[in-house]
Each structure stands twice: as C-alpha cells, then as structure tokens.
*Asks:* 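Structure below; questions to follow.
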Amino acid sequence: MEKQVLSALEPQSVFHFFEELSRIPRESGNMKAVSDWAVDFAKERGLRRCQDTLGNVIIWKDGSPGYEDHPAVMLQGHLDMVCVQDPGTGHDFANDPLDLYVEGDWIGAQGTTLGADNGIAVAMILALLDDSTLAHPPIEAVFTVDEEVGLLGAKDLDCSQLAARRLINLDSEEEGILTVSCAGGARCDLKLSLPAERKSGIICEILVSGLPGGHSGAEIHKNYANANRLLAQSLLDVPGLRLVSLEGGKQDNAIPNSARAVVHLPRETSNNVAMQIYAAFDAANAPFNTPDNAEPTCGVSFEYPHILPESLSPEDSRKVLELILAAPNGVQAMSQDIPGLVQTSLNLGILRLEGGKLRLSWSVRSSVAAEKEELIGALQALAERNGGSFDRRGDYPAWEFRKDSPLRKTMVQVFRELSGGEPKVEAIHAGLECGLFAGKLEGLDAVSIGPDMRDIHSPREKLSVSSVGRTWAYLTAVLARL
C-alpha cells in the first residue's frame, strides 16, 4: 500500500488528487502517463473529454442544478512540472514518485521540486469535477502539456471546441493577488563547436552549489546569483586552464542553483589553483543576495587519471568563459508604468560543454515586444561573433491588460466578502498561458489566481496548506457567483 502523506490535510479532496499526481512522472516532454491519468479520471466519472496528439486534455462538466444555462467558465492549469534536484539526491524524475513531506503549514518534496507549480491547479480542478455538491456554471477544464518549456501545449491546442469566454487560470503563486497581465517570452539556444585534444597534466573538478535558484520570471528581481555565470567567473583567470566539460542548470526558466566544471591543468600551475578559485568565487558571489535557507559553496577536487580526457585549448577555454560572461543576464529594464514590475529580463538557465560542443540556453521575457526582440538580437549577434549557431523557440505572446473585465469585477467583490480586504490586481513578469488563449478566443475575459508557494522551480519549493484551503473556498465561491 502506498504511503499517504497528505490524507489528513484539508480540503481532503484537493490534497488527495495532489498526492496522486505527485506519484506520476510529469517532467516537460514526458507527458503521456499524466495525460492518460487525466483522461482515465474523466472516463471513470462519465464526463465528456478530449485528448489531442500532444497530450492536452479537455474535460467538460454540465452546470449544477440552476446553473445549466449560465455561460460556461474555463478552468485551466498545466500538467507538467519543472524537475530540479539538489546535487547527490539521485532522484529519477522519469520513474520515481516525489517524496512528499509536511512541515507545519508547508508541503515540500525531499531534495526536489514539488511540482505545486502547477500540480495544485490540476488537483483543484479535478476536485471540482469530482464533487456533485458544488454550485457552478458549465465547466470546461483545460489541462495543457509542456507549459514550462515554452507553453507548447497551449500554443498548439485546438480551441474551436471551447465555448467559454471566461477563464480562471490557476497558475499563480501568491494568495490574494488577481493576475491580469503577463510578459511574453522565448527560449534561445547558442551552440558552438570547438576542437578538443589530449594533453598531459592533472584533472580538477569544481562544483558550485547551494545557491538559491528559483523561477526566472517571478524571482529574477531578487538578485540571486546564477550558478552558470558564477562558475565561469570563478574559472576565468586560472592560468593554463583547459575546459573538459561544463554542466549547469536543467531548465532555461529556472535560475540554476548549481554548476560543475571539469578542467585540465598543467601540473606546475596546480598548487595554488584551489585558493585562487575560492577567492574568485567569493568575490563573484559577494554582490548577490542569499536567503537564509541557501548556503552557496564552491568545492575543488583533483584527480590523476591514467588516461586524460580531451580538453579545449587554453585560448578556446577562455573564449567560452568570456562568451558566457559577455551575454546579458538578469533584469534589463523595469516598468515605468507599474512600480516594482520587471519589464525585460533573461536567464542563462542551461550550460553544457562536452566533447568540444558548447550549448547555452536562455529564457528571455518582456512585456514590451520591441525590447524582447532587441535582447534576442543581442544574443544572436553574440553567437555570430563567436562563430556559433543560434536558434529561438517557444515564443509566446504577452497577455495584455483588459480594462473592462466583468470576471475581474466579480472576483474582486467575492474576495472582499470572504476576506474583508482588498485583493491586489497586478501584472507579473512570468509567462502565463492566458495570452495564448486570449489570442485564440475572441473576447476572452481572464484572471489568474493561486495559493501561496515559495521558491518554485527550485528544490526548496513549498506549498502552503492553509492557503490552499482559503484559495479553494474562494474559487468555489466565485464559481457559485458566475
């Protein structure tokens, strides 16, 4: 019998489905099992459903008694999750269930991301579809795939079968906020091939770890260090260094919290290398913020193998490190209209060097189309100057603010009645699928909400139990009003 970790938590139905979901592998690109699970849920309850070739799933449920003729509402979340783990955890995201735990008011997963982004949305929607006692208009439940790698499922979803022109997206991470606009973005890849050869010397491994990491949209303004760039800065001035391999980050939309280099050094220069790297690491990390639950470290170890691996020349090694550092990173512009809102940013989320083949991947975001294009152009120019290739993928549009929104008005009123306070109505720098749906469904009125989460896209990700309960009560009250 499988261990039940969340069975005592309220609302039980929501946490039941969240725990079921946490047993299913659902990294972006590995969507079949979780998509089929959603379809089986609908089949077992006799609900009309549709599954496309990508794995997107739509489930329809009629309005409750008295609501049959009300206009339909779309409830939407994505099935995939960002899969990041602490070094040495050994979790297999393709096969292993998440190892959940409860600590006070917070749910987490041991050593890995939790997938509350966006698993809690899926759990809430399934709980609504499963409950015959709730008052609600006709529901069109839309579960998309591969959101975390460019909103790919929503981008290719056939929306012609959707009648709803009101959308409640459940992919936000802070209770009491009604999100009504978001940035657009794209993924960018730089690739470069360089000659590698074998030389005599020693092998040194450098591991940068313990950095905060986090969501490259929602947390890019917090001035957290990027492990990929920190590693490059720590190695830049090591004399005679030859790069063997580099590895940092797994998702371009997650700020990398660790990175690893294997380098080849001449024997005569190796004695003081560790102290030089430590000093460079400390200096490079000093300007960045570090929350209390993060402990940035740099480790250096030496090996003396019988057969040395191939490495780049010292000149090409420096070229790679300078290229990494020459690219812009982090916040590039703040909004002049909305105080505190990041307008344009980018994040070097993936770094790979193996066998002389280099790959850098960025997540670029902006609520201003021209700034997004300018930033992508700068990355492309960098690739061309260094003899590399460049590719952009996963473009998604910004979600523009709608001045006249009956849905927003209703949701504000319900929030006031339940809490006695005012919700925040704001735009965010992270990407949401609402912009894609708005482009496909003329006249769509959309709002995004969600419970409190911390440190999404990092192994420190946590979900507030009490906030889930309040958000569930709020969502069901809103549906009863529509």
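What you see below is based on every heavy atom in this structure, not just the backbone, and it leaves out hydrogens, waters and symmetry mates. Worth saying up front: this structure is predicted, and the values here are computed from it rather than measured. Heads up: numbering here begins at 1 and tracks the sequence.
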*Asks:* Should the ring pair F15 and F18 be called parallel, tilted or perpendicular, given that the plane angle runs from 0 to 90° and is split at 30 and 60?
*Replies:*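 The rings of F15 and F18 stand perpendicular, inter-plane angle above 60°.
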*Asks:* Report yes if some heavy atom in the side chain of W106 is under 4.5 Å from a heavy atom in the side chain of R454; otherwise report no.
*Replies:*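 Yes, their side chains come closer than 4.5 Å.
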*Asks:* Can you tell me if CD on E426 sees more than 12 non-hydrogen neighbours from other groups inside 6.0 Å?
*Replies:*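 More than 12 heavy atoms, drawn from other residues, nucleotides or ligands, come within 6.0 Å of this atom.
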*Asks:* Can you see which heavy atom on N228 is nearest to which on G249, and at what distance?
*Replies:*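 Heavy atoms of N228 and G249 come nearest at OD1-N, 3.9 Å.
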*Asks:* CG of D62 to CD1 of I139: how many Å apart, nearest 0.5 Å?
*Replies:*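 If we round to the nearest 0.5 Å, D62:CG and I139:CD1 are 10.0 Å apart.
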*Asks:* Are E422 and R416 close enough for a salt bridge, meaning some N to O gap below 4.0 Å?
*Replies:* yes
*Asks:* Below 30° counts as parallel, above 60° as perpendicular, anything between as tilted: where do the rings of H215 and H457 land?
*Replies:*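 Geometry flag for H457 against H215: parallel rings.
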*Asks:* Supply the atom-to-atom distance K222 NZ to E219 CD, rounded to the nearest 0.5 angstrom.
*Replies:*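 One finds 4.0 Å between NZ of K222 and CD of E219.
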*Asks:* Please walk me through it: do F93 and H91 pass ring-ring contact (aromatic ring centres under 6.0 Å, His included)?
*Replies:* CA-CA 6 Å; F93 281 110; H91 186 87; 4.6 Å; yes
*Asks:* Can you name the nearest heavy-atom pair linking C434 to L444, along with the distance?
*Replies:* O-CD2, 4.5 Å
*Asks:* Do the side chain of S335 and the main chain of L341 share a donor and acceptor less than 3.5 angstrom apart?
*Replies:* no
*Asks:* Kindly give the heavy-atom pair with the smallest separation between L432 and I428, and that separation in Å.
*Replies:* CD1-CD1, 3.7 Å
*Asks:* Can you confirm whether more than 12 heavy atoms, excluding those of E354, are under 6.0 Å from its CD atom?
*Replies:* no
*Asks:* Hey, mind stepping through D105 and S464 against side chain to side chain donor-acceptor pair (under 3.5 Å) and telling me if it holds?
*Replies:* CA-CA 6 Å; D105 187 49; S464 167; 2.7 Å; yes
*Asks:* Side-chain contact, heavy-atom cut-off 4.5 Å: Y474 with V414?
*Replies:*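 Touching, per the 4.5 Å side-chain cut-off.
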*Asks:* Closest heavy-atom contact between A164 and A72?
*Replies:* CB-O, 3.7 Å
*Asks:* Less than 4.0 Å between a side-chain N and a carboxylate O, is that true for D252 and R393?
*Replies:*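 Judged by the 4.0 Å cut-off on N to carboxylate O distance, R393 and D252 do form a salt bridge.
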*Asks:* Tell me whether the count of non-hydrogen atoms from other residues, nucleotides or ligands lying under 6.0 Å of CD in Q336 goes above 12.
*Replies:* no
*Asks:* For L348, does its backbone N or O pair with a side-chain atom of N226 as donor and acceptor, under 3.5 Å?
*Replies:*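 Yes.
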*Asks:* At their closest point, which heavy atom of Q233 faces which heavy atom of L325, and how far apart are they?
*Replies:*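 Closest approach of Q233 to L325, heavy atoms only: CG-CD2, 3.3 Å.
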*Asks:* State yes or no: are the ring centers of F288 and Y224 separated by less than 6.0 Å?
*Replies:* no
*Asks:* Is a donor on one side and an acceptor on the other found under 3.5 Å between the side chain of S458 and the backbone of D455?
*Replies:*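 Between the backbone of D455 and the side chain of S458 there is a qualifying donor-acceptor contact (under 3.5 Å).
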